[in-house]
Colleague: 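Sending over a structure as structure tokens; questions will come in a sec.
Order of the sequence lines fixes the chain letters, A, B, ..., with proteins taken first and strands second; residue numbering starts at 1 for each chain.
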Amino acid sequence: MSVNYSIPRGTYDILPETSYKWQYVLKTFQETAKLFNFKEIVTPIFEKADLFERSVGDTSDIVEKEMYKFNDKKGRKFALRPEGTAPVIRSFVENNLGFSGNLCRLFYSGPMFRYDRPQKGRYRQFYQYGIEAIGSNHPYIDAEVIAFADTFLRNLGLKNYNLEINSVGCSICTQDYDLALKEYFSPHFDELCPDCKKRMGKNPKRLLDCKVKSCQSIAKNAPSMIAYLDEDCRTHFEQVKFYLDKMGIVYKVNDRIVRGLDYYTNTAFEFLNNNLGAQNALLGGGRYNGLVKQIGGKETPGVGFAGGIERLLLSLEQEELFCGKNSIPEIFFITLGKNAQIKGVELIAKLRNMGISIVTEIEKESMKSQMKAANKSNALFAIIIGEEELSNNELVLKDLQVGNQKMIAFKDIGEIKEIIDKAK
RNA sequence: GUGGUUGUAGUUCAAUCGGUAGAGCACUGGAUUGUGGUUCCAGGCGUUGGGGGUUCAAGUCCCCUCAUCCACCCCA
């Protein structure tokens with residue numbers, strides 16, 4: 001119980017009995033990516049700190065108080081990545097991935113790091129999966145990215161989720177809207193919570209998102225972003241909805257969705273699961289038309305999403321969906337006596353070379369303890385050899401589910417593969 | 001960063017007013033010595049998360065600390 005070195009706060013080990021669930025989720029994600037023709041990109045776990053400071057926004061909470069920052073031996077400032085989009089865009093720019101002229105479709109997954117207070121569905125090291133479609137401002141692409149997310153969740157078997165969308169406009173509409181919000185909220189300034197008072201100056205849109213009741217009741221009648229969209233942004237939003245309708249994807253417009261990262265423009269969306277507790281956002285994303293240029297590339301539009309695997313697993317558990325299976329051996333090899341054990345070593349190697357998954361417990365000696373171990377391993381068959389079998393040059397193959405067994409000559413072990421395949 | 005909650009065996013949990021730390025499950029071995037899952041029997045000295053204090057005596061009371069879980073906040 002007492003351990004000298006314990007795991008850091010807000011992190012966790014993925015233990016052998018649950019790792020297969022992760023594999024199942026990631027495999028489903030990769031299959032969905034194939035369906036939409038997105039290709040994998042892998043970027044480092046740390047980047048220069050200012051990549052995030054500039055793109056995610058230096059007033060955002062993520063940058064302001066949640067980044068794991070450190071200096072290397074030469075004093076360079078780095079940060080453990082708190083999110084996946086900025087690094088992908090950095091790589092896109094650095095490797096000129098837009099060279100073909102086609103839309104660049106990328107997917108990624110891996111650990112992200114944020115110094116948050118741990119909570120249900122929230123960790124300091126957490127695993128995100130996400131996609132980015134870079135190089136088009138066509139509203140169909142927004143809809144396709146949303147369709148990707150929807151397909152993925154459906155492929156996992158999930159049902160208890162819903163989609164909310166909004167448009168936060170471009171930088172020009174945002175300016176107008178921010179002014180309108182300030183105008184609306186300033187008569188109520190004294191009634192706002194301390195956080196919202198700060199938000200007024202920096203990012204008035206965040207006032208809409210406040211969970212404090214008194215703020216909510218003030219915000220209830222605040223002007224809607226959608227009313228302040230300019231011509232282009234409004235049609236863009238209408239078109240996204242049009243394509244979603246065509247695809248048969250159900251959504252709700254929620255003009256209160258505000259993304260916490262500064263780079264978002266136009267379309268913003270969230271897939272929510274309201275049975276998850278406070279951390280109910282399963283997956284979130286949107287468009288980021290200014291980001292590529294900001295990071296140093298040519299002006300290039302983009303859209304994408306990211307989600308957390310932990311919350312997916314919570315949802316899967318809640319809906320009691322089977323997430324694949326842990327691997328089980330095909331054969332458990334039992335030996336009785338020294339000579340049999342030596343012969344066993346030889347046979348096990350041969351059987352593995354035939355592609356049979358096989359396991360033995362070399363420390364256990366009695367028939368009983370080995371049979372118990374075989375049972376616990378969930379193996380399909382047991383092979384048993386002892387002195388008697390050795391002298392007859394044969395082995396016992398026992399079906400552990402049915403319980404019957406047959407003799408097989410050593411020279412005929414090729415048959416075993418067929419018997420196993422038939423049994424499956 | 002702020003609240004609250006919990007921390008006892010591998011695990012889930014007991015332990016009355018402060019008075020010898022205990023059970024289920026799991027695990028290991030055994031039941032005429034070469035056949036599993038059921039049954040029966042046997043096997044527990046654990047820094048009671050860690051440190052300090054009060055007391056004749058602390059798992060229990062007090063302080064500090066670490067961690068868990070939940071919520072705020074934030075977001076995926």
Colleague: Any side-chain N or O of A/R9 under 4.0 Å from OP1/OP2 of B/U68?
Modeller: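 The answer is yes; a side-chain N or O of A/R9 sits under 4.0 Å from OP1 or OP2.
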
Colleague: Could you tell me whether A/I384 contacts a base, only the sugar-phosphate backbone, or nothing, with contacts defined as non-hydrogen atoms closer than 4.0 Å?
Modeller: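 Contact class for A/I384: base.
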
Colleague: May I ask you to say what A/A306 touches in the nucleic acid, namely base, sugar-phosphate or nothing, with a heavy-atom cut-off under 4.0 Å?
Modeller: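 Sugar-phosphate: the residue A/A306, judged by heavy atoms under 4.0 Å, touches backbone atoms but no base.
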
Colleague: Can you tell which of B/G36, B/A71, B/A76 lies closest to the side chain of A/L261?
Modeller: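 Of B/G36, B/A71, B/A76, B/A76 is nearest to the side chain of A/L261.
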
Colleague: Looking at A/Y251, I want to see if its OH is surrounded by more than 12 non-hydrogen atoms of other residues, nucleotides or ligands under 6.0 Å.
Modeller: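 More than 12 heavy atoms, drawn from other residues, nucleotides or ligands, come within 6.0 Å of this atom.
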
Colleague: Under 4.0 angstrom, heavy atoms only, what part of the nucleic acid is A/L336 near: base, sugar-phosphate, or nothing?
Modeller: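 Base, at least one base heavy atom under 4.0 Å.
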
Colleague: Please give the distance between the P atoms of B/A9 and B/G50 as a whole number of Å.
Modeller: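 Between the two P atoms, the distance is 10 Å.
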
Colleague: Can a side chain N or O of A/K376 be found less than 4.0 Å away from OP1 or OP2 on B/C27?
Modeller: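 Affirmative; the distance criterion is met.
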
Colleague: Would you mind classifying the nucleic acid contact of A/E387 as base, sugar-phosphate or nothing, using non-hydrogen atoms under 4.0 angstrom?
Modeller: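 Base, at least one base atom sits under 4.0 Å.
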
Colleague: Tell me which nucleotide, if any, is Watson-Crick or G-U wobble paired with B/G22 when both distances must be under 3.5 Å.
Modeller: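 Check on B/G22: paired to B/C13, both distances under 3.5 Å.
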
Colleague: Should A/Q119 be listed as having a side-chain N or O under 4.0 Å from OP1 or OP2 of B/C70?
Modeller: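 So the side chain of A/Q119 is outside the cut-off, no N or O lying under 4.0 Å from OP1 or OP2 of B/C70.
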
Colleague: How about A/F148 and A/F305: are their ring centroids closer than 6.0 Å?
Modeller: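 That pair passes the under 6.0 Å test.
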
Colleague: Counting any heavy atom closer than 4.0 Å, what does A/G10 reach on the DNA or RNA strands: base, sugar-phosphate only, or nothing?
Modeller: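 Contact class for A/G10: sugar-phosphate only.
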
Colleague: Give A/G403 one of three labels, base, sugar-phosphate or nothing, depending on what nucleic acid heavy atoms sit under 4.0 Å from its own.
Modeller: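 Counting heavy atoms under 4.0 Å across all strands, the contact made by A/G403 includes a base.
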
Colleague: Just by distance, do the side chain of A/E319 and the backbone of A/N160 share a donor-acceptor pair under 3.5 Å?
Modeller: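 The answer is yes, because a donor-acceptor pair under 3.5 Å joins these two groups.
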
Colleague: Of the options B/G37, B/C70, B/U28, whose atoms approach the side-chain atoms of A/K120 most closely?
Modeller: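 Minimum distance to the A/K120 side chain belongs to B/C70.
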
Colleague: With rounding to whole Å, what would you report as the distance between B/U12 and B/G52 at their C1' atoms?
Modeller: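 Approximately 31 Å lies between the C1' atom of B/U12 and that of B/G52.
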
Colleague: Just checking A/E389: base, sugar-phosphate only, or nothing, at a heavy-atom cut-off of under 4.0 Å?
Modeller: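 Base contact - A/E389 has a heavy atom under 4.0 Å of at least one base atom.
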
Colleague: Measuring centre to centre across the rings, with the benzene-like ring taken for any Trp, is A/F107 within less than 6.0 Å of A/Y129?
Modeller: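 No, too far apart.
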
Colleague: Confirm from the modelled atom types if A/K368 and B/U35 form a donor-acceptor pair under 3.5 Å, side chain to base only.
Modeller: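 It does not, because no donor-acceptor pair links the side chain of A/K368 to the base of B/U35 below 3.5 Å.
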
Colleague: Just checking A/Q370: base, sugar-phosphate only, or nothing, at a heavy-atom cut-off of under 4.0 Å?
Modeller: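 The residue A/Q370 makes no contact with any strand.
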
Colleague: For B/G3 versus B/G37, give the span between their C1' atoms, rounded off to a whole number of Å.
Modeller: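 About 50 Å, rounded to a whole number of Å.
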
